[in-house]
Amino acid sequence: MNQRARAGSASFDLIVIGAGPAGAAAAMRGVTSGLRVALVDKHRFPRDKLCGGGITGRALTQYRDIFGGVLPDIPLERRDCISFHAFGAELGTVQDAPPLHLGMRRALDTALVAEAIGAGAVDCTGHAGALSLDAPGVRVGGKLLSAPLIIGADGVNSPTARVLFGQAFDRARVGFALEVERPGAAPEAPLRIDFGAANWGYGWQFPKPDGTTIGVGGVMARNPDMKAALRSYLDLLGISEELPVKGQFLPFGDFRAVPGRGRVLLAGDAAGLVDPITGEGIAHALKSGALAAEAATAALEAGDPDSALRRYGRALAPIHRGLRQAGLLRHIMFREHLRPAFIRSFRASRSLRGEYLRLLAGETEYGAIMQQMALRLPGFGWRALRGV
């Protein structure tokens, strides 16, 4: 059913708070599993969202599994050539890489929400939804929606996480990003990734059908002047015009080991599921949203909704393991005495660059990259990395 929720209280099997990729995926997987699902978001779609908008092969695999299409029906720029840089050094350009598809989050999120609602999720977008632990349920426009299980997919600033834990994220560990959109197609502009454009972070230039997204992001506590980092990066790219700047926190790998509390599960950015090396968030959002809905379905079928969080935590273990490994790799890249080894290795090794690209494509995991680095780092580097 695609009608908007009616006035008055209503009961559901599952309520999803937040209608970005994680929320849309959770709603889609829930309704296709036979659940009555309410999809809540304070925004009506389309709405803007800070994001590089790179849809990796890993993300497309999740999209096809959850939504069934080959590609989202939105304007996309396909690129298979990627230019890598780090700390002012060129690391090489890879031709014939596994393709990245680049698009605007405004269009992507709108398409995913439409698919979930078209499949049967009840449309409660356009109304702020506040988690109520006393009821329990979600208060939307003064009305109470109730369900035995709730998924909070409401972003890095998650109000749901604040209700559960008192804060949405740890300010000492969270990342922050600034981004501009340069209007107009730029087919000559390379798809470019710059490790170190921000401290403990990166910069990106992503050409798209109607413009180019350029941004920098890094650990907030290590970047007291992110605006200066963005200005320096724009200067490096030869961009002098004044463009509107958007900013947003990034979980940056600071994930919650227990992704929720009680009968409330957290997915996507709300659970901290953003890769600190690649900045990948869409793939983890889609996957975690689907896993949360699957855990909810299994728990309800077993007549034990209290088991949903335990089931979900087990299902997320591979993603958590990858994020831990990414965190270790970040130490290699950004600790000053280990950085030269990373630059030499990434520049000289086709196999290392290949593993990175296969990671984006969803064909491998961080363990393979860690093995490649282990072959190239001196023993003292690994001892330093492990804090021995």
Side-chain angles (χ1 to χ4, degrees), residues 16 18 20-26 28-30 32-33 54-67 98 100 149 151-153 156 158 161 169 173 175 250-261 264-299 302 307-333 352 354-374 385-386:
V16 179
M28 187 72 174
R29 185 52 54 89
T32 55
S33 299
I55 305 175
T56 64
R58 183 184 297 275
L60 284 178
T61 296
Q62 299 306 324
Y63 170 78
R64 290 162 185 165
D65 176 65
I66 298 163
F67 293 92
L100 279 171
L149 289 165
I151 296 174
V156 63
S158 171
F169 51 77
R173 302 178 66 181
L250 293 175
F252 233 40
D254 185 25
F255 63 88
R256 293 187 181 276
V258 179
R261 177 172 290 175
V264 182
L265 317 181
L266 296 175
D269 285 10
L273 303 178
V274 171
D275 189 309
I277 301 296
T278 67
E280 173 86 70
I282 295 174
H284 289 335
L286 293 169
K287 180 68 172 179
S288 63
L291 290 176
E294 290 168 9
T297 301
S307 71
L309 181 57
R310 182 174 68 251
R311 296 171 188 267
Y312 178 46
R314 287 198 300 264
L316 276 183
I319 293 178
H320 285 174
R321 181 170 59 249
L323 292 177
R324 289 189 184 97
Q325 291 171 333
L328 288 174
L329 183 59
R330 183 166 63 174
H331 280 270
I332 297 172
M333 295 169 61
L352 183 57
E355 289 298 331
Y356 179 89
L357 293 170
R358 290 182 64 227
L359 177 76
L360 290 176
E363 299 170 359
T364 190
E365 300 297 338
Y366 268 107
I369 295 180
M370 300 298 285
Q371 290 172 2
Q372 290 286 334
M373 290 302 302
L385 180 63
R386 295 170 182 269

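Throughout, numbering of the chain's residues begins at 1 and tracks the sequence.
Evaluation of the salt bridge (Lys or Arg N to Asp or Glu O under 4.0 Å) test over residues 274-297, restricted to residues two or more places apart or in two chains, returns R29-E294. Applying the salt bridge (Lys or Arg N to Asp or Glu O under 4.0 Å) definition to pairs two or more places apart or across chains, none involves residues 323-332.
For T61, there are no side-chain hydrogen bond (donor to acceptor under 3.5 Å, both in side chains) partners, not counting sequence neighbours. Annotation: side-chain hydrogen bond (donor to acceptor under 3.5 Å, both in side chains) contacts of R314 (sequence neighbours excluded): none. With sequence neighbours left out, the salt bridge (Lys or Arg N to Asp or Glu O under 4.0 Å) criterion links R358 to E355, E363. For the side-chain contact (heavy atoms from CB on, under 4.5 Å) test, residues two or more places apart in sequence or in another chain that qualify with L316 are P259, L273, S288, L291, Y312, I319, H320. Partners of Y63 by side-chain hydrogen bond (donor to acceptor under 3.5 Å, both in side chains), not counting sequence neighbours, listed by chain and number: E115. Taking the salt bridge (Lys or Arg N to Asp or Glu O under 4.0 Å) definition, one finds that R58 meets it with E365, sequence neighbours left out.
Here the CZ-CG distance, from F169 to L250, works out to 10.0 Å after rounding to the nearest 0.5 Å. Between the NE2 atom of H284 and the OG1 atom of T278 there is a distance of 6.5 Å, given to the nearest 0.5 Å.
Residues I55 and L60 are in side-chain contact: their nearest non-hydrogen atoms beyond the backbone lie under 4.5 Å apart.
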### Query
Is there a side chain to side chain contact (heavy atoms under 4.5 Å, CB included) between L100 and T56 once you walk through the steps?
CA-CA 5 Å; L100 279 171; T56 64; 3.5 Å; yes
